[in-house]
Structures are given as structure tokens and as C-alpha cells.
Amino acid sequence: MINHLSDYGLEHVFDLTKYFQSFSGRSHMLLNGNTLSSLEIYRNQTDYTTKGSLFWTLDQTKTKFGRRLLRNWVGRPLLDRSQLEERVEAVEEVVREENAKLERLKELLGKISYDLEKGLIRIYYGKACPRIGVESPILMMHF
């Protein structure tokens with residue numbers, strides 16, 4: 001591996017061991033399909049719709065990327081209690097905080113009908129085409 005990396009001038013990459021993480025050091029549970037189904041995480045076992053599932057019960061998201069993040073959180077629960085508590089505190093802060101800038105941001109994000117996260121990824125990889133005459137509320141924000 002070192003010989004291969006030295007062709008690219010990267011032979012010292014293994015000296016950066018502080019960024020290595022053990023394969024067994026997972027931060028979240030890995031739930032198999034049977035477990036997700038039995039616990040009715042994403043859909044119920046009566047008519048196989050989302051209604052009544054855990055995700056359906058928790059989902060109060062307003063955007064596609066918020067929904068995707070919540071889906072990821074529900075299907076891959078954290079193992080570390082301190083990380084879980086940090087996440088809960090962050091969500092509670094957003095929900096209860098009376099901040100004009102935060103409220104304005106929530107309002108603007110709620111108006112976005114397209115998938116902002118996917119759009120930003122497309123822009124990053126140079127796969128996006130600009131739409132003429134369409135103004136993004138995110139681009140118009142002034143903080």
C-alpha cells in the first residue's frame with residue numbers, strides 16, 4: 001500500500017493515525033431488515049404503509065432533507081449516550097428557541113419545494129444547470 005501511495009507522493013498518509021478509527025468502533029446500531037420490519041420502524045405490518053410506524057409518528061419535518069436526516073436517525077440509532085443527548089439538546093434548542101433569525105430560517109426552509117441537499121450536491125459535482133428566472137430564497141437571505 002505504501003509503495004502504491006508513494007507514486008502519488010502520499011506515502012506519509014499513514015503517519016496521520018489520529019484520524020484513524022477502529023472498524024469495531026461504530027457510533028450507531030446496525031439494524032437488519034427483519035428488525036426494522038418487526039419493530040415497524042418505517043412501515044406497519046398490517047397494510048405495509050407508513051401510517052402507524054415509528055417514523056410516521058416522529059416525522060414533523062418540513063423539508064425533504066430534514067425528512068431524510070430523520071429517517072437516517074431513526075433507522076440507525078446512536079450507541080453513545082453522550083452523542084444521543086447532544087443530538088436531543090440540539091433538536092430541543094431549535095424547537096423551543098425564540099430567535100428572529102432562526103424563525104426566519106425556518107420560514108425560508110419551509111418554502112423550499114425542491115430538495116436543497118441534492119441540489120447542493122449536484123452543484124458541488126458540477127452536474128447542476130441554472131434555471132433562468134428562478135430565485136432561491138436561500139440565496140436571498142441576509143443575516
Side-chain angles (χ1 to χ4, degrees), residues 1-45 48-51 53-143:
M1 186 68 145
I2 293 173
N3 289 336
H4 177 72
L5 290 173
S6 63
D7 292 343
Y8 301 97
L10 299 172
E11 61 274 6
H12 299 291
V13 74
F14 291 114
D15 295 338
L16 306 172
T17 57
K18 70 178 183 177
Y19 299 110
F20 287 179
Q21 184 179 14
S22 172
F23 284 121
S24 63
R26 287 193 312 265
S27 62
H28 59 275
M29 289 183 205
L30 296 177
L31 304 177
N32 66 29
N34 288 336
T35 303
L36 293 171
S37 178
S38 296
L39 295 175
E40 297 185 336
I41 302 293
Y42 297 122
R43 58 185 184 164
N44 67 55
Q45 290 189 359
Y48 302 105
T49 63
T50 58
K51 188 171 185 176
S53 68
L54 176 63
F55 181 71
W56 177 83
T57 304
L58 296 174
D59 186 18
Q60 295 182 23
T61 59
K62 305 286 187 226
T63 62
K64 292 179 183 179
F65 48 94
R67 184 179 176 101
R68 189 170 30 254
L69 179 60
L70 178 63
R71 185 174 173 85
N72 188 19
W73 284 359
V74 170
R76 298 175 64 194
L78 289 173
L79 292 171
D80 183 27
R81 184 178 182 153
S82 63
Q83 285 181 325
L84 181 59
E85 288 171 352
E86 285 177 25
R87 180 180 289 172
V88 169
E89 287 175 20
V91 170
E92 286 177 347
E93 182 179 339
V94 170
V95 170
R96 75 170 178 264
E97 188 68 30
E98 293 294 328
N99 180 325
K101 290 180 181 180
L102 183 58
E103 291 303 317
R104 178 74 175 133
L105 181 61
K106 285 181 192 179
E107 178 186 330
L108 290 171
L109 288 173
K111 291 180 180 179
I112 297 174
S113 60
Y114 56 92
D115 194 335
L116 182 62
E117 183 179 31
K118 283 187 178 180
L120 291 173
I121 290 171
R122 289 180 57 109
I123 290 169
Y124 179 80
Y125 287 107
K127 301 290 183 188
C129 299
R131 285 197 239 167
I132 306 300
V134 176
E135 294 184 26
S136 169
I138 297 299
L139 298 178
M140 296 185 304
M141 282 194 299
H142 299 289
F143 287 97

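This chain uses plain numbering: 1 for the first residue, then up along the sequence.
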Peer 1: In Å and rounded to the nearest 0.5 Å, what is the CD1 to CZ distance from Ile121 to Phe65?
Peer 2: 11.5 Å
Peer 1: Verify, without hydrogens or angle tests, whether Arg76 (side chain) and Met29 (backbone) share a donor-acceptor contact under 3.5 angstrom.
Peer 2: no
Peer 1: With heavy-atom distances below 4.5 Å as the criterion, would you say the side chains of Val91 and Trp73 are in contact?
Peer 2: yes
Peer 1: To check you understand the geometry: which heavy-atom pair defines the closest contact between Asp59 and Arg67, and what is its length?
Peer 2: OD2-NH1, 2.5 Å
Peer 1: Quick check against the 3.5 Å criterion: does Lys106 have a side-chain atom that pairs as donor or acceptor with the backbone of Val94?
Peer 2: yes
Peer 1: Would you say Thr63's side chain and Gly66's backbone share a donor-acceptor pair under 3.5 angstrom?
Peer 2: yes
Peer 1: Is any NZ, NE, NH1 or NH2 atom of the basic residue among Lys64 and Glu117 found under 4.0 Å from an Asp or Glu carboxylate oxygen of the other?
Peer 2: no
Peer 1: What pair of heavy atoms forms the shortest contact from Arg68 to Lys118, and how long is it?
Peer 2: NH1-CE, 3.8 Å
Peer 1: Check Arg43 against Ser53 and note the closest heavy-atom contact, atom names and distance.
Peer 2: N-CB, 3.5 Å
Peer 1: Answer with yes or no whether the side chains of Asn44 and Thr49 bring together a donor and an acceptor at under 3.5 Å.
Peer 2: yes
Peer 1: Strictly distance-based, threshold 3.5 Å: is any side-chain N or O of Tyr42 a donor or acceptor partner for the main-chain N or O of Arg71?
Peer 2: yes
Peer 1: Find out whether Asn99 and Glu103 are in side-chain contact, i.e. whether some heavy atom of one side chain is under 4.5 Å from a heavy atom of the other.
Peer 2: no
Peer 1: When you measure from the side chain of Ser37 to the backbone N and O of Gly33, does any donor-acceptor pair fall under 3.5 Å?
Peer 2: no
Peer 1: To check you understand the geometry: which heavy-atom pair defines the closest contact between Thr50 and Trp56, and what is its length?
Peer 2: O-CB, 2.9 Å
Peer 1: Quick one: does any side-chain atom of Gln83 pair with a main-chain N or O of Leu78 as donor and acceptor, under 3.5 Å?
Peer 2: no
Peer 1: Tell me whether Thr35 contacts the main-chain N or O of Leu31 through its side chain, where contact means a donor paired with an acceptor under 3.5 Å.
Peer 2: no
